[in-house]
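As C-alpha cells, the structure follows; a few thoughts come after it.
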Number of protein chains: 2
Amino acid sequence: MIRLTKQADYGILLMTQFARAGMGAVFSASDLASRSGLSLPMVNKTLKLLSRAGLLSSQRGVNGGYQMSRDAGAITLEEVIAAVDGPIALTECHEHGAGNDCGISSHCPTRLNWGIINDALRDSLAGITLLQMIRPFLGAKSLPARERVA
Amino acid sequence: MIRLTKQADYGILLMTQFARAGMGAVFSASDLASRSGLSLPMVNKTLKLLSRAGLLSSQRGVNGGYQMSRDAGAITLEEVIAAVDGPIALTECHEHGAGNDCGISSHCPTRLNWGIINDALRDSLAGITLLQMIRPFLGAKSLPARERVA
DNA sequence: TCCATACAGAACCATTTCGGTTCTATTTTA
DNA sequence: TAAAATAGAACCGAAATGGTTCTGTATGGA
C-alpha cells in the first residue's frame, strides 16, 4: 500500500499543535511530548527535521523552543511530509534528476508519465494547509477548492 | 518520502504491456519476463496478484497465459496498485474500519481529515487509466480531466 | 498415456528501511 | 556556572521489502 511513515504522521500531528495555538506560540520539545502523547526522543527528532526545513524556527537555551515560521494557512501538508520523509515521489526513477537508472528504464514505456503522476499527488497534498487540517471540513464530501500557496 | 513498492511498479509495467498489445492478447509469464527485463520469479509473483484481483484472467497448461479481463480504458492505476500493494491508505488509522487504535487517537485532532486526504490521493490514481499510461499526454502540463470509471 | 508447459500457492531468506533510543555538543539565560 | 533547551549523529532491534525456491495442479500435444 502507499504509506506515509509514522514519523511524517507525527510531523503533521506536531505541526497542527502549533497551528492550533496560533502564530507566535512557542513550545519546547517536552511541552509537545506531553501534549501529543509521543515520546520525547521522537518529538525531538521530528522537530529538528521540521526546523531544518524552515517550517519551524528554533530558539536555544532556557525558555527556548520552537514556533511556526509562517502562518498555518501558508504551510501545506506537502511541505511537512517532505520535511520529514524527504521529497514526495512515488517511484525512485524521479527522485533525483539524472544518474538514477532503474535498470529497466529502457523497457519502461511509462516512465515519462510518472513525472505527471507524481505531480498530481504532490499537488493534492500541496493543496491542503495546516489551517484546513485544524478545522474539520464539516459535512464536506470532498476537498474544498485548492488555492495554490506559493 | 511517499513511495510505491517496486512490485507495484512492476505491476504497472506489466499491465501496460497488456494494454499496449490490446484486449485479448495473451502472454505467458516467461514472455513478459523477457519483454520487461524483469526476473521470471518476480513476474510470476506479480502476475498472480494481478490475476487474483481480477485484472487479468489466466489460462493454465500448454499455450496458457494471462490476458486483460477488461479494456485498458477501464483499468485504473488505483486498481493495479491496490492489487499488488494492498489498499491505498496514507496512514494506518484508516486501513480497516474499527479496532485499529493507533494509541494516540485521543490526541490526534486531525484524524477526521485523514479519510478525506486518503480519498483525494486515491481519486488521483483512480483517475488515471492504463490507456492514458500508454499514450503519453504530449505537452500536457497537468493531468487531463478525470472521468470516473465505475 | 505421459510428459512438457504454464499457472497457483506458499514458504523462505537476505537486505534494507523504519521506529525509536542514547550520547555528545552547543547555545542561552537565570 | 549550572540548568534548560536545541543540534547532530550514531546506534540497534524489529518489521517490511525484494527476491528466490519448492510443491502442487491443470492443460494440451506427441
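What you see is a predicted model, and the numbers here were worked out from it, not measured in a lab. Naming convention: chains lettered A, B, ... in sequence-line order (proteins, then strands); numbering from 1 in each chain.
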Assert: residue with more 5' nearest nucleotide on DNA chain C, out of A:Gln7 and B:Gly64, is B:Gly64
Do you see a donor-acceptor pair shorter than 3.5 Å between the side chains of A:Ser124 and B:Ser124?
-> yes
Does B:Ala33 have any side chain to side chain contact (heavy atoms under 4.5 Å, CB included) partners at least two apart in sequence or in another chain, and if so, which?
-> B:Leu40, B:Val43
Separation of C:dA8 P from B:Leu56 CG (nearest whole Å) = 10 Å
So what does B:Ser39 touch, heavy atoms closer than 4.0 Å: a base, only the sugar-phosphate, or nothing?
-> sugar-phosphate
Under 4.0 Å: is that the gap between some side-chain N or O of B:Lys6 and OP1 or OP2 of D:dG19?
-> yes
May I ask you to test the B:Met42-B:Gln7 pair for a side-chain heavy-atom distance under 4.5 Å?
-> yes
Does a nitrogen or oxygen in the side chain of A:Tyr66 sit under 4.0 Å from OP1 or OP2 of D:dA7?
-> yes
Do any side-chain nitrogens or oxygens of B:Arg52 fall under 4.0 Å of OP1 or OP2 in C:dC7?
-> no
Can you name the ring-ring contact (aromatic ring centres under 6.0 Å, His included) partners of B:Tyr66, sequence neighbours left out?
-> none
B:Ser28 side chain N/O closer than 4.0 Å to the phosphate oxygens (OP1, OP2) of C:dT5?
-> no
Among C:dA6, D:dT6, D:dA7, which is the nearest nucleotide to the side chain of B:Ser30?
-> C:dA6
Using a 4.0 Å heavy-atom cut-off, write out nucleotides 25-30 of chain D from 5' to 3' as B (base contacted by protein), S (sugar-phosphate only) or - (no contact).
-> BBBS--
Is the phosphate of D:dG19, meaning OP1 or OP2, less than 4.0 Å from a side-chain N or O of B:Tyr10?
-> yes
Side chain of A:Lys48, base of D:dG8: donor and acceptor closer than 3.5 Å?
-> yes
Atom CG of A:Leu47 and atom P of D:dA5 are separated, to the nearest Å, by 13 Å
When the distance from CG of B:Leu50 to P of C:dC7 is rounded to whole Å, what number comes out?
-> 13 Å
Please check if B:Val62 and B:Leu32 belong to a single hydrophobic cluster, counting links between Ile, Leu, Val, Met, Phe, Trp and Tyr side chain heavy atoms closer than 4.5 Å.
-> no
Starting from the first five and the last five pairs of the helix from C:dT1-D:dA30 to C:dA30-D:dT1, work out the angle between the resulting helix axes, to 10 degrees.
-> 0°
Are any non-hydrogen side-chain atoms of B:Leu56 and B:Met15 less than 4.5 angstrom apart?
-> yes
Listed by chain and number, what are the side chain to side chain contact (heavy atoms under 4.5 Å, CB included) partners of B:Gln67, not counting sequence neighbours?
-> B:Val26, B:Ser57
Heavy-atom closest pair, residues A:Leu50 and A:Gly11 | CD1-O, 4.0 Å
Measure the CE-CG distance between B:Met133 and B:Leu13 for me, rounded to the nearest 0.5 Å.
-> 9.5 Å
Closest listed nucleotide, where the reference is the side chain of A:Met42 and the choices are D:dG19, C:dG20, D:dT6 | C:dG20
Whole-Å gap separating C1' (D:dG18) and CG (B:Leu40) = 16 Å
Could you state the atom-to-atom distance from NZ of B:Lys45 to C1' of D:dT20 in whole Å?
-> 9 Å
When the distance from CG of B:Asn44 to C1' of C:dA11 is rounded to whole Å, what number comes out?
-> 15 Å
When you measure from the side chain of A:Pro41, which nucleotide among C:dG19, D:dA7, C:dT22 comes out closest?
-> C:dT22
Check side chain to side chain contact (heavy atoms under 4.5 Å, CB included) between A:Ala72 and all other residues, then give those that pass, not counting sequence neighbours.
-> A:Ala19, A:Met68, A:Leu130, A:Leu131
